[in-house]
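These figures come from a predicted structure and were not determined experimentally. Along the sequence shown, the residues carry numbers beginning at 1.
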Amino acid sequence: MKKTVVAITGQSGCGKSNLGRFYAQKGYTVIDCDLVARQIHTDKDCMFQLCEYFGYDILTDGAVDRAKLGKKAFADAENLQKLTDITHPFIIREILDTIDKSHNDIVFVDGAVIIGHEFEKYCDRFIVVLCERSKQYERLIVRDNITLEQAVNRVSKQTKQEILLGKADYVVYNNETEENMYNQAEYILRTLIKE
């Protein structure tokens, strides 16, 4: 059975995860790329490659310390690209395996780094989640316990909104209540089912 792979994407702090949870509650397979990435860091080959590039001081008690790795990876664009280059082949393999095992004919993949990257070619549809910049910063500061400066820096290094919008089949605006977001999500789901 050919599955429809739907990317849920957008910058950090816009509400991709909330949208993913909505579809999961509806009984659909939702693959969280962040979760897969965390698990990938325990893969011995992946750990070795990360340590070779970023240094063995990214390890704490023999495991990749995400905070230490994040600090180095987000330090400059080259490091961020290297993190992507190392981890993405492992992440993609795991995601494709999960899609393959899913019993749903529509599978959602939630990730910030899809459009403009290797996994894009595996996606049939793209949902882009947007919100006002001030709300985005606010959510990141609270969620990740970071400063406004760190939030601005993090967002500035992510795929630009105009690039995301250029690829979007559907856009969800997450500026108001969760209910408002879920109404948009429900409409998109009905449209996907009809396809």
Side-chain angles (χ1 to χ4, degrees), residues 7-21 30-98 109-123 126 128-165 167 174:
I8 300 174
T9 192
Q11 294 177 336
S12 295
C14 287
K16 293 183 303 299
S17 301
N18 281 354
L19 193 63
R21 273 194 293 276
V30 178
I31 302 163
D32 181 338
C33 291
D34 282 347
L35 207 58
V36 175
R38 263 179 231 137
Q39 292 159 352
I40 289 306
H41 288 162
T42 64
D43 181 292
K44 295 283 179 268
D45 292 338
C46 186
M47 272 174 75
F48 176 72
Q49 288 181 37
L50 288 170
C51 289
E52 282 287 285
Y53 184 82
F54 291 103
Y56 283 82
D57 58 334
I58 62 166
L59 298 179
T60 300
D61 301 327
V64 173
D65 185 318
R66 285 175 58 81
K68 288 179 184 173
L69 177 61
K71 201 170 268 184
K72 289 188 176 196
F74 282 101
D76 62 53
E78 193 180 321
N79 279 2
L80 196 57
Q81 185 58 52
K82 191 64 186 176
L83 176 69
T84 300
D85 292 345
I86 292 170
T87 57
H88 273 212
F90 294 99
I91 293 169
I92 288 170
R93 191 174 63 207
E94 185 62 34
I95 291 171
L96 292 176
D97 194 41
T98 308
V109 180
D110 161 7
V113 188
I114 294 177
I115 292 171
H117 296 273
E118 183 66 18
F119 190 71
E120 182 183 324
K121 68 182 180 198
Y122 297 104
C123 301
F126 298 89
V128 173
V129 185
L130 294 181
C131 73
E132 289 162 9
R133 192 67 85 195
S134 58
K135 274 193 169 67
Q136 187 179 1
Y137 293 148
E138 202 178 295
R139 287 171 185 159
L140 281 174
I141 290 164
V142 171
R143 188 190 76 190
D144 297 344
N145 193 21
I146 57 177
T147 64
L148 174 61
E149 191 184 358
Q150 287 171 311
V152 171
N153 182 41
R154 187 172 295 184
V155 169
S156 74
K157 291 191 170 72
Q158 295 185 345
T159 309
K160 302 280 175 267
Q161 285 189 346
E162 49 272 22
I163 293 171
L164 297 174
L165 286 170
K167 195 77 192 176
N174 186 22

Do [X] and [Y] come within less than 4.5 Å of each other through their side chains, counting heavy atoms only?
X	Y	result
Asn79	Phe74	no
Val113	Phe119	no
Leu69	Leu50	yes
Tyr122	Ile95	no

Please report the interatomic distance [atom1]([X]) to [atom2]([Y]), rounded to the nearest 0.5 Å.
X	Y	atom1	atom2	value
Leu59	Cys51	CG	SG	3.5 Å
Asp43	Ile91	CG	CD1	10.5 Å
Glu94	Cys33	CD	SG	11.0 Å
Ser12	Asp34	OG	CG	7.5 Å
Glu120	Ile114	CD	CD1	9.0 Å
Gln49	Thr87	CD	OG1	9.5 Å

Is [X] reaching over with its side chain to a backbone N or O of [Y], donor-acceptor style, under 3.5 angstrom?
X	Y	value
Gln161	Leu130	no
Thr42	Arg38	no
Lys72	Phe54	yes
Asn174	Cys14	yes
Thr9	Gly111	yes
Gln158	Ala112	no

Query raised in the report: Who are the ring-ring contact (aromatic ring centres under 6.0 Å, His included) partners of Phe126, not counting sequence neighbours?
Result: none
Taking all atoms of both residues into account, what is the closest heavy-atom pair of [X] and [Y], and its distance?
X	Y	answer
Leu164	Gly10	CD1-CA, 3.8 Å
Pro89	Thr84	CD-O, 4.3 Å
Ala151	Ile141	CB-CG1, 4.2 Å

Query raised in the report: Got a sec, which pairs hit salt bridge (charged side-chain N to carboxylate O under 4.0 Å, His left out) with one end in residues 137-165, sequence neighbours left out?
Result: Asp144-Arg154
Query raised in the report: Is the shortest distance from a Lys or Arg side-chain nitrogen in Lys16 or Asp32 to a carboxylate oxygen in the other one below 4.0 Å?
Result: no
Please determine, by modelled atom types, if [X] and [Y] share a side-chain donor-acceptor pair under 3.5 angstrom.
X	Y	answer
Gln136	Gln11	yes
Glu52	Tyr56	yes
Gln150	Thr147	yes

Query raised in the report: Is atom CG of Asp57 surrounded by more than 12 heavy atoms (other residues, nucleotides or ligands) closer than 6.0 Å?
Result: yes
**Report entry** Candidate pair Thr60 and Lys68, rule side-chain contact (heavy atoms from CB on, under 4.5 Å), full reasoning
**Finding:** CA-CA 9 Å; Thr60 300; Lys68 288 179 184 173; 3.1 Å; yes
